[in-house]
Amino acid sequence: MIEVEVKAKISSFEEIEQKLDEIGATKTKKEFQEDIYFNSPVVDFAQTDEALRIRTTKENDNTNIFITYKGPKIDSASKTRKEIEMGIEDSVKCADIFEEIGFKKVRTIRKNRQYYEYENFEISLDDIEGLDPYMEIEVALEDGQDYSEAQNEIFELFEKLGITDGFERTSYLELLENLYK
Ligand code: ATP
Ligand code: CA
């Protein structure tokens with residue numbers, strides 16, 4: 001699928017939660033996400049703008065694990081890119097396999113994410129360990145579908161929520177890396 005996504009730094013979660021309520025967005029799940037990012041032995045994912053990660057999500061007593069591949073961003077305004085994700089059973093064994101074949105752990109990122117749904121948008125309020133509050137709005141499209149309209153709609157929704165600046169194309173991983181430079 002194609003992930004069309006725009007991220008913005010926000011000043012407070014409360015303010016946005018209130019706005020989301022006002023427009024009639026639905027609060028859905030809240031989960032803890034732990035992401036282990038890997039780098040390839042063949043190319044540097046920081047250069048090729050790709051990503052490989054194992055994500056463990058926890059919501060109450062429910063734990064789920066996914067492997068995700070993200071392709072390079074394909075436009076200059078948003079974070080639109082190909083994404084392939086699948087559920088797996090065992091994160092430790094999966095990390096072992098990746099490491100045996102030469103992939104290296106880059107960093108683990110932990111966050112609490114509150115999801116909201118509004119029309120065909122998925123909205124995430126992200127409380128990332130070590131970073132300021134951020135939010136993301138995402139639309140998922142089929143491979144090959146035109147993403148420019150979805151991208152415009154995302155920016156319109158941000159405007160509706162009172163957010164007209166603070167947009168960020170840098171990944172959480174790089175934002176954290178930059179802090180420790
Ligand atoms: P999602 O939207 O799938 O829930 P997320 O919001 O938690 O993910 P993002 O910041 O959107 O996190 O995506 C992870 C980012 O990490 C990707 O943009 C990817 O390009 C970047 N990344 C992955 N591996 C590396 C690496 N080795 N070096 C630098 N950046 C990387
Ligand atoms: Ca994201």
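Whatever order the structure lists ligands and atoms in, that order sets their numbers, starting from 1.
- The distance criterion of under 3.5 Å between nitrogen or oxygen atoms is met by E5 with respect to ligand 1.
- Distance from atom 19 (C) of ligand 1 to its nearest protein heavy atom, with residue and atom name: A51 CB, 3.5 Å.
- Every atom of ligand 1 is numbered from 1 in the order shown, and the set under 4.0 Å from a heavy atom of D35 is 7 (O).
- Contact atoms of ligand 1 toward S171: 10 (O), 15 (C), 16 (O), 17 (C), 18 (O), 21 (C) (distance under 4.0 Å to a heavy atom of the residue).
- Among K82, R169, R81, the one residue that satisfies the salt bridge (charged side-chain N to carboxylate O under 4.0 Å, His left out) test with D49 is R81.
- With S78 as the partner, the side-chain hydrogen bond (donor to acceptor under 3.5 Å, both in side chains) test is satisfied by one option alone out of E5, K7, Q151: Q151.
- Within ligand 1, counting atoms from 1 as listed, the ones closer than 4.0 Å to a heavy atom of E3 are 2 (O), 3 (O).
- Partner of F38 under the ring-ring contact (aromatic ring centres under 6.0 Å, His included) criterion, chosen from Y69, F98, F103, F45: F98.
- Every N/O-N/O distance between D44 and ligand 1 stays at or above 3.5 Å.
- Inclusion of R55 in the set of residues having an N or O under 3.5 Å from an N or O of ligand 1 is warranted.
- The contact set between ligand 1 and D49, taken as ligand atoms under 4.0 Å from a residue heavy atom, comprises 20 (O).
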Criterion side chain to side chain contact (heavy atoms under 4.5 Å, CB included) on E153 and V139, from CA distance to verdict: CA-CA 9 Å; E153 285 169 5; V139 173; 5.6 Å; no
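- For Q33, no heavy-atom contact with ligand 1 is shorter than 4.0 Å.
- Close approach of ligand 1 to E136 is summarised as follows: ligand atoms under 4.0 Å from at least one heavy atom of the residue are 2 (O), 6 (O), 11 (O).
- Residue R53 places at least one N or O, backbone or side chain, under 3.5 Å from an N or O of ligand 1.
- Among the candidates E34, E129, Q33, the single residue satisfying the side-chain hydrogen bond (donor to acceptor under 3.5 Å, both in side chains) test with K111 is Q33.
- Between F155 and F167, the two ring planes are perpendicular [angle over 60°; tilted spans 30° to 60°].
- Inspection of the K160 and Y118 side chains reveals an N or O donor paired with an N or O acceptor under 3.5 Å.
- Listed by number with element, the atoms of ligand 1 under 4.0 Å from a non-hydrogen atom of K79 are 9 (P), 10 (O), 11 (O).
- Between atom 31 (C) of ligand 1 and the options L175, V106, L176, L173, the minimum heavy-atom separation is to L173.
- Among E174, R81, K73, K70, the residue whose heavy atom lies nearest to atom 18 (O) of ligand 1 is R81.
- Cation-pi contact between K29 and Y115: present, with separation from the ring centre below 6.0 Å and deviation from the ring axis of at most 45°.
- The existence of a salt bridge linking K70 and E83 is confirmed by a sub-4.0 Å separation between a basic side-chain nitrogen and an acidic carboxylate oxygen.
- Every N/O-N/O distance between E138 and ligand 1 stays at or above 3.5 Å.
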